[in-house]
Amino acid sequence: MASLPSVAVNGNLKLDQEFRKHPTSFLPSERSTNVSYQKSHTVTTLNGSSEPKSLDFREALSMIREGENVESTYYVPVLQQCIDKNSASEAKIVHAHIIKTGAHQDLFVSTFLVNVYAKCGNMENARKVFDNLPKRNVISWTSLMTGYVHSSQPEVAIHVFQEMLEAGAYPTNYTLGIVLNACSSLQSVNLGKQLHAYSIKYQIDFDTSIGNSLCSLYSKCGSLESAVKAFKKIEEKNVISWTATISACGDNGEAVRGLKFFTEMLFEGIEPNEYTLTSVLSLCCLMLSLDVGTQVHSLSIKLGYELNLPIRNSIMYLYLKCGLINEARELFNGMGAISLVTWNAMIAGQAQIMDLAEDDLSAYQSGTEALNIFLKLNRSGLKPDLFTFSSILTICSGLVALQQGEQIHAQTIKSGFLSDRVVGTALVNMYNKCGSIEKASKAFVEMSTRTLISWTTMIAGFAQHGKTQQALQLFEDMRIAGVRPNQVTFVSVLSACSQAGMVNEALGFFEMMKKDYRIKPVLDHFACLIDMYVRLGRLEEAFALVKKMDPAPNEFIWSILVAGCRSHGNFELGFYAAEKLLELKPKDTETYVLLLNMYLSAGRWKDVSKVRKMMKEEKLGKLRDWSWISIKDKVFSFKPNDKSHPYSADTHKFVESLIDQVKSLGYESLESLEVIDEDEEQTLSYTAYHSERLAIAFGLLNAPNAAPIRVVKSLIMCRDCHNFVKFLSTLTGREIVIRDSKRLHKFVNGTCSCGDFGGHL
DNA sequence: CTAGGGTTAG
């Protein structure tokens, strides 16, 4: 198929001229004759009864003998079976038989054959048969288009539509529905709107199949209101109409509204089918509502869908989203037949759990679990698809598992899924999160097309790596490319400015966001600005902004201030902020640790012991210092002063010797005031064996020479360790990447990408 | 008409 002129997708099809030739094709009478053609064609079966009988297709074929008086309709039930079984290979056998008996001369049979190949996804054969048709009619055109839409070639479908109009064929309501579906896949609102306009003009916008397609078209293009309008216009709403509307709400994040439609539908006495139920379950995922999910589950069992795979997949995913890992796993193990979607849901669910995990240990566990599932999937014989790859790359990002990530990168190239924009973006993010900005930008540059999220990811990557100029340049490039930044993009842009202390630029972008893009600032934007002032020690300005900001400051904002005031020694403001923090986030370990550190810094020892006592009384959990490093395929984890490993003696000794060596470069160990681990009731913890030091030392001893060291840490790095690692990077000439609970640190030659911000260290 | 995917911040 020749490449499609771009005008067909984005521009004007000159529908008016084409349709004006045949305006009557939209009239209901015309429509019904078209539709009835297919349905009224009587199915005469071999035994003469008018009831179609279920037969094995080979058996059926053997009864149609060459040379005998072949009725073309003999083939109908046989071909129908191919469709039901979705078997293109069986269709080929029947096709061969048809040619032998000469039945391919029959227009009805060959038209049906186009439909069979299209439905079974063999578009080459569908097109071949179509091209050899003695005569084309609306059914063969529409069958061909349906096939292209279902085999993810919507642009070809639209091209076929164009051909059809040029050939002077009459589109039916069903044809228009299919073209609208193609528009949805292409996100081509323009063409969709043209078709909509014509359906209004010829007064068929109330038609069920057109309305259904319009509803999902507008939904996919992000316009829920238009989708609902299209739905309301439909005179005879069927299950599909309701389902389309419910999933439109889900796709646009309005789960509650979707549920309302669902209850309304039940009230109207329309029975939901498997599609409806899966859509409703995905609403439950959005709302994290296990409660509603369980009710829907019971309803689906009542309606006979207990063993339905899509529904089971949805339930399993819901369990994972709600953190019920064991229930999900039980369901997973108990499922006889599973599909790729099942695997994907399992992997994506782990990514979700990882994201929501309270502590790094459980995040790490679900990450490794996901990697295991991915391995099993690869062994199962099924081929991972674009969904699998984007999820598993996200898992690698979370684990800072560069080696696995690189292997998967290779796999995406081989399988061809790297061309997918979401997979490409996930890859860029993986390299970002693993501290490999060069590979990230290479992956970004190599993408053939990019989405807003791709640009944002790359900008964030530069920002995280302290490459402010590149981040801002890319932001310009993005605007020049005509991509409209969103709220998230501006968070990254502002944080880039914040790191570099570029106050005027930051304020400029903040104004640009509000005025030029009409994006309402959210807490995150203010957090960046406040963070910027705090870094520069301009606490008064930070406070001024906090006072007048809208929305009102949350606990994050206050904790930035507390930490900032402490590191700049402004205790008066610091205690004020701490009070606010305590109001918003009481009974929280992190809050108390911040407070404790502040008292320690201020030398208020009585308050220190008071806070400690309170922490005990409140039975607050402890912050656990924990780091891990992955070397080849194995992961090694470290606790502070960890003596549990068989190799720990060597590692400890090595840390001591490293400390001695960096001292000659000018390192002085600070007395750390941070309370990292309360396990041993120490007043001040001994920083020499903070977990990341052990992990780094272990990496230096065991990873290949000159390879970068990558460590993940469960807490924020303390100032002393941060300083230590800077010296270490000079000493060893190695790149050391540490991702702590707040940010990424990439140490090269004595400097860190985080810009040495002391506020939270 | 259906289930599963990518971005930010402290």
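Labels below follow one simple rule: chain letters A, B, ... track the order of the sequence lines, proteins then strands, and each chain is numbered from 1.
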Closest approach to the side chain of [X], judged atom by atom: which nucleotide of [options] is it?
{"X": "A:S279", "options": "B:dC1, B:dT2, B:dT7", "answer": "B:dT2"}
{"X": "A:V422", "options": "B:dC1, B:dG4, B:dG6", "answer": "B:dG6"}
{"X": "A:S495", "options": "B:dA3, B:dT7, B:dA9", "answer": "B:dA9"}
{"X": "A:V488", "options": "B:dC1, B:dA3, B:dT7", "answer": "B:dT7"}
{"X": "A:V341", "options": "B:dC1, B:dG4, B:dG10", "answer": "B:dG4"}
{"X": "A:A345", "options": "B:dG4, B:dT7, B:dC1", "answer": "B:dG4"}
{"X": "A:N429", "options": "B:dT7, B:dA9, B:dG4", "answer": "B:dT7"}
{"X": "A:A244", "options": "B:dG4, B:dC1, B:dT7", "answer": "B:dC1"}
{"X": "A:F387", "options": "B:dT8, B:dA3, B:dG4", "answer": "B:dG4"}
{"X": "A:L340", "options": "B:dG4, B:dC1, B:dT8", "answer": "B:dG4"}

For this session: Report the distance from atom CD1 of A:I246 to atom OH of A:Y275, rounding to the nearest 0.5 Å.
Result: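 So the gap between those two atoms works out to 15.0 Å.
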
For this session: Enter the distance from A:S397:OG to A:M354:CE here, rounded to the nearest 0.5 Å.
Result: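 Answer for the OG-CE pair, A:S397 versus A:M354, is 8.5 Å.
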
Take the protein atom [atom1] of [X] and the nucleotide atom [atom2] of [N], then report the distance between them rounded to whole Å.
{"X": "A:F526", "N": "B:dG10", "atom1": "CZ", "atom2": "C1'", "answer": "15 Å"}
{"X": "A:L452", "N": "B:dG6", "atom1": "CG", "atom2": "P", "answer": "15 Å"}
{"X": "A:F417", "N": "B:dG4", "atom1": "CZ", "atom2": "P", "answer": "18 Å"}
{"X": "A:L427", "N": "B:dT7", "atom1": "CG", "atom2": "C1'", "answer": "14 Å"}
{"X": "A:E271", "N": "B:dT2", "atom1": "CD", "atom2": "P", "answer": "19 Å"}
{"X": "A:L309", "N": "B:dT2", "atom1": "CG", "atom2": "C1'", "answer": "12 Å"}
{"X": "A:Y319", "N": "B:dG4", "atom1": "OH", "atom2": "C1'", "answer": "18 Å"}
{"X": "A:N432", "N": "B:dT8", "atom1": "CG", "atom2": "P", "answer": "8 Å"}

Once you apply a heavy-atom cut-off of 4.0 Å, does [X] come out as touching a base, just sugar-phosphate, or nothing?
{"X": "A:V423", "result": "base"}
{"X": "A:T342", "result": "nothing"}
{"X": "A:A348", "result": "sugar-phosphate"}
{"X": "A:K433", "result": "sugar-phosphate"}
{"X": "A:N181", "result": "sugar-phosphate"}
{"X": "A:N238", "result": "nothing"}
{"X": "A:T451", "result": "base"}

Problem set entry | Under 3.5 Å donor-acceptor, A:R484 side chain and A:L452 backbone |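 No; zero donor-acceptor contacts below 3.5 Å.
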
For this session: Measure the distance between the ring centre of A:F556 and the centre of the six-membered base ring of B:dG10, then answer whether it is under 5.5 Å with planes under 30°.
Result: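 Per 5.5 Å and 30° rule: no stacking.
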
Exercise. Does the ring of A:Y275 lie flat against the base of B:dC1, closer than 5.5 Å centre to centre with planes under 30°?
Worked result: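 The base of B:dC1 is stacked with A:Y275 (centres under 5.5 Å, planes under 30°).
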
Exercise. Do the side chain of A:S314 and the base of B:dG4 come within less than 3.5 angstrom through a donor-acceptor pair of N or O atoms?
Worked result: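 In this structure, the two groups form no donor-acceptor pair.
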
Exercise. Counting only distance, no hydrogens or angles, is the base of B:dG10 paired donor-acceptor with the side chain of A:D524 under 3.5 Å?
Worked result: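 When only heavy-atom distances are counted, A:D524 does not reach the base of B:dG10 through any donor-acceptor pair under 3.5 Å.
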
Problem set entry | Residue pairs involving residues 442-451 of chain A (criterion salt bridge (Lys or Arg N to Asp or Glu O under 4.0 Å); sequence neighbours excluded) |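 Listed once each, the pairs are A:K442-A:E446.
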
Is [X] near enough to [N] that one of its side-chain N or O atoms lies under 4.0 angstrom from OP1 or OP2?
{"X": "A:Q352", "N": "B:dG4", "value": "no"}
{"X": "A:K742", "N": "B:dT8", "value": "no"}
{"X": "A:N486", "N": "B:dT8", "value": "no"}
{"X": "A:N313", "N": "B:dG4", "value": "no"}

Exercise. A:M346 versus A:L377: any side-chain heavy-atom pair under 4.5 Å?
Worked result: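 No, their side chains stay 4.5 Å or more apart.
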
Exercise. Do A:E264 and A:K237 sit within salt-bridge range, that is, some charged N less than 4.0 Å from a carboxylate O?
Worked result: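 No, A:E264 and A:K237 are not salt-bridged.
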
For this session: Quick one: sort the A:Y431 and A:H409 rings into parallel, tilted or perpendicular, breaks at 30° and 60°.
Result: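 The rings of A:Y431 and A:H409 stand perpendicular, inter-plane angle above 60°.
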
